[in-house]
Chemist: 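Have a look at this one.
Note: hydrogens, waters and symmetry copies are ignored here, and every other heavy atom, side chains too, is used. In the text below, chain A, chain B and the rest are named by the order of the sequence lines, each starting its count at 1.
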Number of protein chains: 2
Amino acid sequence: MAARDYGQYDGVTRALELVGERWGLLIVRDLLVGPRRYGELAEGLPRIPSNILAARLKELQAAGIIRRAPRSRVIVYELTPYGRELEPVVLSLSTWGFKSLDAPREEQIVTPDGMTIALRSAFRPDAAAALPSTSYAAGFAGTELFINVDGTDFGVQRGMAPADLEFATDSQIRAVLSGDLDSVRVLNGDPRLLARFAQTFRLAA
Amino acid sequence: MAARDYGQYDGVTRALELVGERWGLLIVRDLLVGPRRYGELAEGLPRIPSNILAARLKELQAAGIIRRAPRSRVIVYELTPYGRELEPVVLSLSTWGFKSLDAPREEQIVTPDGMTIALRSAFRPDAAAALPSTSYAAGFAGTELFINVDGTDFGVQRGMAPADLEFATDSQIRAVLSGDLDSVRVLNGDPRLLARFAQTFRLAA
DNA sequence: CGGGATCCCTTAGGATACTG
DNA sequence: CAGTATCCTAAGGGATCCCG
């Protein structure tokens, strides 16, 4: 940490020294969704070299951001309380970054954890509170999520399941989260629920 | 940008591709305080190599985050509207990073722009609204700032000036912003105003 | 003097193969 | 499955130089 520090004393500098290395915040992003095994992390970050993933996990551990926890015969990595406090950082990055995204390029993959964080950064609790509880099954460029909104809370799980509304979009994920629903295919359920989804999850352009 | 991308499609990834390179967010941090000339940026980031500063400025420009603006014979760099929207990212990093800071090390410098952002991330508008307008002249490890709080607004300028309260601390900056005022030297004014400062600017531990 | 560009060298990070 | 080991490229660090 001494060789790559910035020589300054302030919060931003300190934060970047702890989680500013390449891939660091993407690992934190996935762990914000839930504890993950080494292989699950590697699967969600297909382009990270194995040695880099191992190095980052050690550094994040040393910094007190994640910990290794044994879970019935296997090891999982999970955020410590201090690590979980990175959620505002990750969500504000997600909000900001989404604004300049357009359609996914050929080589870009969409992962469940990435989309889960995107939904979290787009969630409008006050809008949701005024609407009835609703479940959605959404396909985003092949990644399938089951989303259950209930008052000011919501949960996301992987995979499709029967829901009030089932819909999918291939390439216009940013448009959908910005409220432009033209490219959405409704697979099942009342198409008018799409407007409700758009009110509940929205990233302003 | 293509060679160093992460191969994923989501907001966090996109954001890190735009501002995640080394030094990127520190440049943005300083520009959030105000437009800066090339030399001013270099002065506030003493350890950045000149070629890296030049490269980052070009990349941030190409990404639409900053722009070069002529100001009466000289060039200044300033944030675009999209760049200014990074403020929540920088402030949340500041809030998070400060929690694990202790005293500045020998080789770490304290800069006016860094402290200004630290104060911004620590500012409690609702606490300030309930208190009388107050001006502070603060010395943080040699960096002197004049802070004027008025209702839910506040401004920071460089340098000392006559203020309701003048105080200084050398090494316990984190402690001061966490409400621990034991190490503060009051230079002028009513020492009881220190408590007001601590209510107005506070980073929870 | 401000605003960079150029050089050389070090090291993080990418690709891939291997091991307990 | 959960990492190490190795080799190589390219980004970053440091010093110096250039140009209007």
Chemist: Side-chain N or O of R56(A) less than 4.0 angstrom from OP1 or OP2 on dG13(C)?
Modeler: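 Yes.
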Chemist: Look at the side-chain N and O atoms of Y6(A) and state whether any lies under 4.0 Å from the OP1 or OP2 oxygen of dG12(D).
Modeler: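 No, Y6(A) has no side-chain N/O under 4.0 Å of OP1/OP2 on dG12(D).
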Chemist: Using whole Å, what does the distance between atom P of nucleotide dG13(C) and atom CG of L45(A) come to?
Modeler: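 Answer to the nearest Å: 14 Å.
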Chemist: Let's see if you can work this out: which of dG14(C), dT4(D), dG12(D) has an atom nearest to the side-chain heavy atoms of I52(A)?
Modeler: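 The closest nucleotide is dG14(C).
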Chemist: Return the value, rounded to whole Å, for the distance between atom CD of E59(A) and atom C1' of dT11(C).
Modeler: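 Rounded to whole Å, this separation is 13 Å.
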Chemist: Tell me whether D164(A) is salt-bridged to R196(A), with the criterion being a basic N under 4.0 Å from an acidic carboxylate O.
Modeler: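 No salt bridge links D164(A) with R196(A).
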Chemist: Do E59(A) and R56(A) pass the salt bridge (Lys or Arg N to Asp or Glu O under 4.0 Å) test, and can you show the C-alpha distance, the side-chain angles, and the key distance before you say yes or no?
Modeler: CA-CA 5 Å; E59(A) 295 159 11; R56(A) 287 293 169 275; 3.1 Å; yes
Chemist: Between atom CG in L53(B) and atom C1' in dG14(D), what is the gap in whole Å?
Modeler: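 It works out to 15 Å between those atoms.
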Chemist: Using whole Å, report how far CZ of R22(B) lies from C1' of dA10(D).
Modeler: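 R22(B) atom CZ is separated from dA10(D) atom C1' by 15 Å.
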Chemist: So, is R47(B) close to the dG12(D) phosphate, meaning a side-chain N or O under 4.0 Å from OP1 or OP2?
Modeler: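 For R47(B), the contact criterion (side-chain N or O under 4.0 Å from OP1 or OP2 of dG12(D)) is not met.
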Chemist: From the set dG2(C), dA5(C), dG12(D), return the single nucleotide nearest to any side-chain atom of R37(B).
Modeler: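 The answer is dG2(C), which lies nearest to the side chain.
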Chemist: Nearest to the side chain of P49(B), which nucleotide is it out of dA15(C), dA11(D), dG14(D)?
Modeler: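 Among dA15(C), dA11(D), dG14(D), the one nearest the side chain of P49(B) is dG14(D).
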Chemist: Let's see if you can work this out: which of dG14(C), dG4(C), dG3(D) has an atom nearest to the side-chain heavy atoms of S50(A)?
Modeler: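 Nearest nucleotide to the side chain: dG3(D).
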Chemist: Using atom CD of E17(A) as one end and atom P of dA12(C) as the other, report the distance to the nearest whole Å.
Modeler: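 Taking CD of E17(A) and P of dA12(C), I get 14 Å after rounding.
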Chemist: Give the intermediate values and the outcome of salt bridge (Lys or Arg N to Asp or Glu O under 4.0 Å) for residues R174(B) and D180(B).
Modeler: CA-CA 9 Å; R174(B) 208 281 322 270; D180(B) 173 6; over 6 Å; no
Chemist: Distance check: side-chain N/O of W23(A) vs OP1/OP2 of dA12(C), anything under 4.0 Å?
Modeler: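 Answer is no, no contact under 4.0 Å.
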Chemist: Of the listed nucleotides (dA12(C), dT4(D), dA15(C)), which one gets closest to any side-chain atom of N51(A)?
Modeler: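 Within the option list, the nearest is dA15(C).
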Chemist: Over all heavy atoms of both residues, which pair between L60(A) and L18(A) is shortest? Give the atoms and the distance, please.
Modeler: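 Shortest heavy-atom contact: CD2-O, 4.0 Å.
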Chemist: Counting side-chain heavy atoms from CB outward, which of dG13(D), dA12(C), dG13(C) is closest to R4(B)?
Modeler: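 The closest nucleotide is dG13(C).
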Chemist: Rounded to whole Å, please give me the gap between CZ in R73(A) and P in dA2(D).
Modeler: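 Computing the R73(A):CZ to dA2(D):P distance gives 13 Å.
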Chemist: Of the listed nucleotides (dA15(C), dG3(C), dT4(D)), which one gets closest to any side-chain atom of Y38(A)?
Modeler: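 Out of dA15(C), dG3(C), dT4(D), the nucleotide with an atom closest to Y38(A)'s side chain is dT4(D).
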Chemist: What's the CD-C1' distance between E21(A) and dA11(D), to the nearest Å?
Modeler: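 In whole Å, dA11(D) C1' and E21(A) CD are 12 Å from each other.
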Chemist: Let me know which of T134(A), L131(A), I147(A), L119(A) forms a side-chain contact (heavy atoms from CB on, under 4.5 Å) with T200(A).
Modeler: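 Exactly one option meets the side-chain contact (heavy atoms from CB on, under 4.5 Å) with T200(A), and it is L131(A).
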Chemist: More than 12 foreign heavy atoms under 6.0 Å from CD of E107(B): is that the case here?
Modeler: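 More than 12 within 6.0 Å, yes.
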Chemist: Check every atom of dG4(C), dT4(D), dA12(C) against the side chain of K58(A) and return the nucleotide holding the closest atom.
Modeler: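 Of all the options, the side chain of K58(A) is nearest to dT4(D).
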Chemist: For I48(A), which contact category applies under a 4.0 Å heavy-atom criterion: base, sugar-phosphate, or nothing?
Modeler: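 Nothing, no heavy atom under 4.0 Å.
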Chemist: At under 4.0 Å, does any side-chain N or O of R68(A) touch on OP1 or OP2 of dG3(D)?
Modeler: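 For dG3(D), OP1/OP2 do have a side-chain N/O of R68(A) under 4.0 Å.
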Chemist: Rounding to an integer number of Å, can you tell me how far L57(A) CG sits from dC1(D) C1'?
Modeler: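 Rounding to the nearest Å, CG of L57(A) and C1' of dC1(D) are 14 Å apart.
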